[in-house]
Structures are given as structure tokens and as C-alpha cells.
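Lettering follows sequence order; numbering is per chain, from 1.
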There are 2 protein chains.
Amino acid sequence: MSFDPCGILGKSPALTQLFKILEKVAPTDTTVLVTGESGTGKELLVRALHKNSPRHKGPFVPVNCGAIPKELLESELFGHEKGAFTHAIRSRPGCFELANGGTIFLDEIGELDLSLQVKILRVIQEKEFERVGGTQTKKVDVRIVAATNRNLEEEVKKGNFREDLFYRLNVIPIELPPLRERGEDILLLANFFLEKFCTLKNRPPLSFSPEVKELLLNYSWPGNVRELENFMERISILCENERVEIEDLPEKILKEQGLNQPKPQKTEAFTFPSLQDMLQLKMDLKTFLETIENKLITEALEESKGVKNKAANILGIKRTTLIEKIKKKEL
Amino acid sequence: MSFDPCGILGKSPALTQLFKILEKVAPTDTTVLVTGESGTGKELLVRALHKNSPRHKGPFVPVNCGAIPKELLESELFGHEKGAFTHAIRSRPGCFELANGGTIFLDEIGELDLSLQVKILRVIQEKEFERVGGTQTKKVDVRIVAATNRNLEEEVKKGNFREDLFYRLNVIPIELPPLRERGEDILLLANFFLEKFCTLKNRPPLSFSPEVKELLLNYSWPGNVRELENFMERISILCENERVEIEDLPEKILKEQGLNQPKPQKTEAFTFPSLQDMLQLKMDLKTFLETIENKLITEALEESKGVKNKAANILGIKRTTLIEKIKKKEL
DNA sequence: TGTAAAGTGTCAAATAGATGACTTAAAGTC
DNA sequence: GACTTTAAGTCATCTATTTGACACTTTACA
């Protein structure tokens, strides 16, 4: 009936809007150009497009044009015949052949150099190409979806990208907005990933404290969904409690908010007590350390308004241990 | 129960902090990215991580990606089939295959070129790869730990490092601080290495004069632990007496000492450390008290010129107790 | 150089401390 | 009101720490 996002992408208005377009585009064979910052999940989106298309039973072949050295890219895309170049000891089909009957996803298409752009253009227009070092013209039935995080229009102006190819690709432009513009999705995805990692690691699910939610929403997510996923995995390993608190967040998030340390009351640098201090007070080691411990416990209890559970957490000791200590010290 | 550093890494607060993270990370299969100046002992740290993981019985395979010529690296990592290239007279498994069931350590991962980055990414995501010149897809069960002394985030910005790979690797970032920021470790390691070399060379153990200790602490250690180890080896050969004096030190250390900072004389009244201080240092109660105890014991030993009997008196504890403490803390 | 005094290291028994399992009580939630 | 969540208290068990007793070495000095 409607478009199935195939795994979670988001529910923000921005995305629901997109899904409506995709729903209409999926059944066709039109080329689609997806733009969006890296990490926004362009590939996920395109996979969903493929799955919702009549070609869903055919192959889905992603090619990251930016990640493959230029010398190899042509052979990667179109394949090569034995002996076409030094290391070509045997013939090999390229991605276009592999994608026959399905969808090919040309990621980072802005990185293609001009000579390859012509060849792609030909595939789009004529559905045909030759392998590197080959003479036989091959025909394929492939849907082409491209993506880039560059501004292709500007590249066209600069002469780095063929105008005709741009227009061929850009039949349906889809702009995947960055995560920071999809407020509602941030918490949705955060919960989704966190739950995923917790299940994966066999630990009970975690929840976010209100302050943490606030911080997550305010962060700019330069790495978008990928960065979010990453942070959640980290938290699933490092967070010790059931609830994620501010201190469990990566520094990067805190730094951006300008809240490095919550309470910067004290201006002077802290120095550990010295032997002189101890002797001045005429205490022995045990008494001295106990006094310090008492003070810290008392402060922690104040901080937690008497809730021993929390106080124990602050101090990084077990609740029962704290209770024993209080009992012994008669605090 | 806790993380075993497997050989000496250090005891400074900075490191104890790290060990806590490692303790949580070791049991998992998450990828870890270690950053730190060269010579800080990244490999040692990763070995310890491996030893403390459930994979400790499996192989540990370190690969220095920066030290292997680019042409050979792919074959080194993934192996090759007979005839894959000129000198491939026989098939050979790569490091990933060798590391199956264990941990692979990709040192200097920042040096990888983009085409290999894709392949590593695939191993991380899909746990599979092909040998060079091979068609068969191989599956491996490997934990991946990477290290670099470059700033990968910057390399990503510059386009030299794939963003997606960065996020995959950087799930748990571990920053190994340079030696100069780990004051307490300097003497600990110096003693450790010196003793090692003396034993190796069958000579009685050496000790440091107080002035030498001072100099060692003030030196900036640009070559970190590796440099320290070198110096100690040199001393173990060149020093003629039982005690290392200033003249036995390499000139390099002496020359640098123009930048001595005078010891800040403490004039203020003593106040007990507060909970804030503790939290600022991200320590738990136990660690915090232990750190203070360490400091006091060290100072008492200085005060008594190393005579444990007296030091115990100063501290108001039994001599035997002091000895046990020293043993446990390896002070 | 012989001897008392001071210092060291080890070990096993005694003591203290930490923690998980279990129970109960109170506070929210639907 | 039934159910869930959160906190608190107790206790048996396990671990860590302390310490006295013993044996040995070094130092001081008569």
C-alpha cells in the first residue's frame, strides 16, 4: 500500500514527506538523485527504494565511486576482459552487469571523472556499454540511483560535472535532510540503536535522563545517523547504570554545548593532600583517610538528598557497601 | 575480576582511568581505536586488551600498516592466491585469516589508502573478504583493534580517510596520554626497565639519585616510553656505579632542563578534598582514596629516605602493613 | 670483629570490608 | 486496586587487609 521504510529511517515530517515522493517513484524506472550530508543514510533510503520497487527481487548493487581508486573504477563498474591491463588475469563482470534486472546505486557520483561520466551517460541513455579491453557491446536492464554529498549544480558550473549527465540523473531529486533538522528522529533513532546494541550485548535496555535527551537534541550531529549509531554503541558498552546520564555522553557532545563541567565553582586547581597536611593534623594514615572518606560520603548524601542509592552511585561504590560504611561510621 | 595490564604500562590516574574503560570493553567484540603519540605503548595496551578478552586463547596478530609498502599491504592483510601477481608463486593466507578467532591489531591505520579502507570496512561489517587474486569469499571471526598517531577526524575532513570507516572503528576511542603527562609512571617505568636490563646483563640492580629522579620527571620525553626504555638500556651499560648520577644521563635530558618550573610553595591552609574534586577527576571513592594513600606513602618514604620502618612510623601504621601496601601497589 | 640494634621479608591467622541474593517498604503508574 | 519501579535493610559468603611471629640481613660502634 504505502512505502515501507525497511528498517528505521525516521518519522519526522521531513521524512514522511520524502516517503510520499518515494512511494510514487518506486514503481517506476526513473533515475533518482539523492543528496544529503554523509551519514544521513542515503544508502538505506535507496535500499528501501529498491525493495519497494518491482525490481525488488533483482540484485541491489551499491558502488561507492569515491572510495575506489580512479584507475580501478571503470573496471569495477563495467568489468574487464582478460589481459585488459597488468593485473587482469581473467575476465570479470562489472557492477552494471551484476546489477542486471535490479538496481545499481552509484554513491558519491560527484567524484566520477569526466571520462567515466560519459560512459555512465551512455548506460543511462542506451542501456549499453563495453567492458574494459572488450569489444563486445553489452546491454543491461538496470535502474540507476545516484547519490552525492556535493552540490552537483555547482560542480556543473565549475566544469567538473557534465551538464547532460546531471540532468539525466536529476530527474527526481531527493534531498535527505541532516539529522539536526529532524528533531523528532533523533530520539527515535537513539532509542532504536540503543535498544539494538543492548539486545546484541545481552544487557537490559537503557533509558535516557531528561537532561541527556535535551543534549542529544541540541547537538549538531555532523556525522548524522552514523555518528548517532556510533555514540549509542559506545554508551551501550560504557554506561554502567540503567539510565544514561550526562556523564555517560561522549565529550564531544558536551563540549559543543559549552557545558564542559557542570559546576565550575571552584577556580583553584585541586591538589591532593600532602603528608605535611596529615602530620599537621596529627593524624595517622588510617584516621586521615577515614576522615576524608567520611567527608566525601556526607557530601554525596547531601548531593543525593539522602537517597543512599544515588549517593552510592555518585561515589562509585555498591549501595550495600555504602550502607555498611554508614553503619560502621555512625554517620 | 579487574583489568590486568599484563606487564607494565603504568599506574597514573590517567591510566587507571583507561583501565576502567578497557575492563568494560575487553569482554565485548567491539572495535576499539587507540590514539596516542608514537612510543606511548599502544601495542602493549592492545595486547593487554586481547589478553583480558574472551579471545585470549586465540591469536593476536599485529600489523603495522604504515611499515608495509602499499603494494604488499593488501596481500599481507588478506593473503593472495597463486599467480595473483608476479611474485605470488604460491597461495598465502593473510593476517585476517591468521587472526581468526582472535584479535587483529591494525597499527597506523591512518596510513591505509582508500581502496584498502573499503576492504577493511567490509571485514568489519560483513566479516568477509577475498584474497588478492582470489574469487572465493572468506569468512572470519576477528576482533579488530586499530591505532594511529594521526588525528583521524582531520584526515576524514581532508578526505584521506573514509568517514564510515572512521565511525566503525571509533566506537570506543581510547586516548593514551604521552609519558610527560603521566608523572607517576615515569619513575615506575624507569625502575622497571632499568631492572630488566640489569638482570638481562647480569649486573646488580641500579638505583637513581634524587637529582636524577628530578631530572627524569622534568624531561619532556618526546619519544615516550620507547625513549625511556632506550635511555635505561644505555644507562645499564654505561653507568659504572651502583647509583645512577646526573653525569650518567644522556645529554639530551640535561640540555632540556632550562625549562624548569619552580615548585609552587603551598601557603594556603589545608582543606580536605571535596566531593567535587573527586568527581572532577572522574574517580570513584576507592580510587580516590587509594590515590591519596599512594601519595602519602610515597611522601613518607621520601621523608624517611626509603627506610620503611621509619616511613611506617610517620604514617602511624605497622611496618608490615606498609610493606604489604607497597607490594600491592607496586610503588 | 663481635654483638646489639635496626631493618627486611614472608607467612598464616585474624580481622575487616565488599558484594550478591533475598526480603520488605514506599512511591509511582495504569 | 493491581502492578511496576525504586529504595532500603539484612545476612551469608567471599575477598582483601592487617598484623604478630619468625627468620634473616644490614648497620653501628665498642
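Spacing between atom CD of A:Glu293 and atom C1' of C:dA18 amounts to 12 Å, rounded to whole angstrom units. In this structure, B:Ile326 places its CD1 atom 15 Å from C1' of D:dT18, rounding to the nearest Å. If you measure from atom CG of A:Leu289 to atom P of D:dT17, you get 13 Å, rounded to the nearest angstrom. To the nearest angstrom, P of D:dA12 lies 21 Å from NZ of A:Lys318. The interatomic distance linking B:Leu322 (CG) with D:dG20 (C1') rounds to 16 Å, in whole Å. C:dG17 atom P lies 11 Å from atom CD1 of A:Ile297, rounded to whole Å. Between the P atom of C:dC22 and the CZ atom of A:Arg319 lies a distance of 14 Å, rounded to the nearest Å. Separating the CG atom of B:Asn309 from the P atom of D:dT19 is a distance of 14 Å, rounded to the nearest angstrom.
Of all nucleotides listed (D:dA7, D:dG20, C:dA18), D:dG20 comes nearest to the side chain of B:Thr320. With D:dT17, D:dA8, C:dT10 as the candidates, the nucleotide lying closest to the side chain of B:Ile323 is C:dT10. Candidate nucleotides C:dT8, D:dA7, C:dT10 were compared by shortest atom distance to the side chain of B:Lys327, and C:dT10 ranks first. For B:Glu324, the side-chain atoms get nearest to D:dT19 when compared with the rest of C:dT8, D:dT19, D:dG9.
With DNA chain D read from its 5' end, the first of the two nearest nucleotides for A:Lys308 and B:Lys286 is the one closest to A:Lys308.
When the shell of 6.0 Å around NZ of A:Lys282 is examined, it contains 12 or fewer heavy atoms from other residues, nucleotides or ligands.
Taking the charged nitrogens against the carboxylate oxygens, B:Lys286 and B:Glu293 have no contact shorter than 4.0 Å, which rules out a salt bridge.
Across every non-hydrogen atom of A:Thr16 and A:Lys11, the tightest pair is OG1-O, 3.8 Å. Across every non-hydrogen atom of A:Asn230 and B:Asn170, the tightest pair is OD1-O, 3.4 Å.
For the pairing with B:Lys196, the side-chain contact (heavy atoms from CB on, under 4.5 Å) check across B:Met232, B:Glu233, B:Glu229 returns one residue only, B:Glu229.
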**OP:** Could you give me the CA-CA distance, side-chain angles and deciding distance for B:Phe272 and A:Phe288, then say whether ring-ring contact (aromatic ring centres under 6.0 Å, His included) is met?
**Re:** CA-CA 10 Å; B:Phe272 282 102; A:Phe288 190 65; 5.8 Å; yes

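In this structure, the helix from C:dT1-D:dA30 to C:dC30-D:dG1 shows an angle of 30° between the axis at its start and the axis at its end, each fitted on 5 base pairs and rounded to 10°.
Side-chain contact of B:Thr291 with B:Asn294: a donor-acceptor pair under 3.5 Å is absent, judged by distance alone.
In this structure, B:Lys328 reaches the D:dT17 phosphate: one of its side-chain N or O atoms is under 4.0 Å from OP1 or OP2.
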